[in-house]
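Note that this is a predicted model, so its numbers are computed, not measured. Quick note: numbers below take in every heavy atom, side chains included, and nothing from hydrogens, waters or symmetry partners.
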Amino acid sequence: MGETESTARQIGEILRDDECMCWHTFSELDDGFEMEAFDVAILDGTTGQSSALSILIKLNCHKLKPVLVLVGNISAREENCIWGMGVTDVMKVPFTKDECRKKIDSTYRWKWYYGRHECHNTEYTH
């Protein structure tokens with residue numbers, strides 16, 4: 001999610017054949033937006049930190065799935081604020097393809113945490 005498509009294109013080039021990406025601008029999102037369809041939410045916070053964070057809070061996506069926030073040149077205080085919102089990871093822009101791939105993979109590894117309350121055993125009840 002972000003306001004500029006250039007970063008989305010960069011990330012799209014890094015994805016593997018079995019991965020796909022759906023890009024949305026912040027203005028397209030509303031209370032009815034379905035976050036369940038995505039494994040990881042990537043917020044482009046480089047165009048306005050308060051906008052990205054307000055969308056994060058509004059959608060509660062940080063409670064539903066791993067969230068990676070892209071940031072520009074920000075202060076330590078601003079970064080601490082972002083971490084305090086419950087994001088999974090932060091990646092500074094500009095980034096290399098290798099850095100981005102590692103961040104996406106490490107953020108995705110947290111998917112288990114968000115699905116830990118789902119019961120996968122349909123044969124027995126607890």
Tyr113 and Trp110 aromatic ring geometry - parallel, tilted or perpendicular at 30°/60° bounds: perpendicular
Exceeds 12 heavy-atom contacts within 6.0 angstrom, atom CG of Asn80: yes
side-chain hydrogen bond (donor to acceptor under 3.5 Å, both in side chains) partners of Arg9, counting only residues at least two apart: none
All side chain to side chain contact (heavy atoms under 4.5 Å, CB included) counterparts of Asp17, not counting sequence neighbours: none
Any side-chain heavy-atom pair of Leu70 and Ile42 under 4.5 Å: yes
Heavy-atom side-chain proximity of Tyr108 to Pro66 below 4.5 angstrom: no
Contact check, side chains of Asp105 and Arg16, non-hydrogen atoms, under 4.5 Å: yes
Gap between atom CE of Met91 and atom CG of Asp44 - 0.5 Å precision: 9.5 Å
Ion pair check, Glu99 and Lys102, cut-off under 4.0 Å: no
Separation between CD of Gln10 and CZ of Phe95, rounded to the nearest 0.5 Å: 4.5 Å
Any Val90 side-chain heavy atom under 4.5 Å of Ile82 side chain: yes
Arg77: salt bridge (charged side-chain N to carboxylate O under 4.0 Å, His left out) partners, not counting sequence neighbours: none
Contacts of Lys97 that satisfy side-chain hydrogen bond (donor to acceptor under 3.5 Å, both in side chains) - sequence neighbours left out: none
Which atom of Val69 lies closest to which atom of Val87, heavy atoms considered: CG2-CG1, 3.5 Å
By side-chain hydrogen bond (donor to acceptor under 3.5 Å, both in side chains) - contacts of Lys92 (at least two apart): Glu79
Closest non-hydrogen atom pair between Met21 and Leu15, with its separation: CB-CD1, 3.5 Å
Sequence neighbours excluded - salt bridge (Lys or Arg N to Asp or Glu O under 4.0 Å) pairs with any residue from residues 80-90: Asp89-Lys103
Approximate separation, where rounding is to 0.5 Å, of Ile14 CD1 and Ile104 CD1: 5.5 Å
Closest contact, heavy atoms only, Leu64 versus Tyr114: O-CB, 3.3 Å
Taking every non-hydrogen atom, the tightest pair across Thr88 and Trp83: O-CZ3, 3.4 Å
Approximate separation, where rounding is to 0.5 Å, of Glu19 CD and Asp39 CG: 9.0 Å
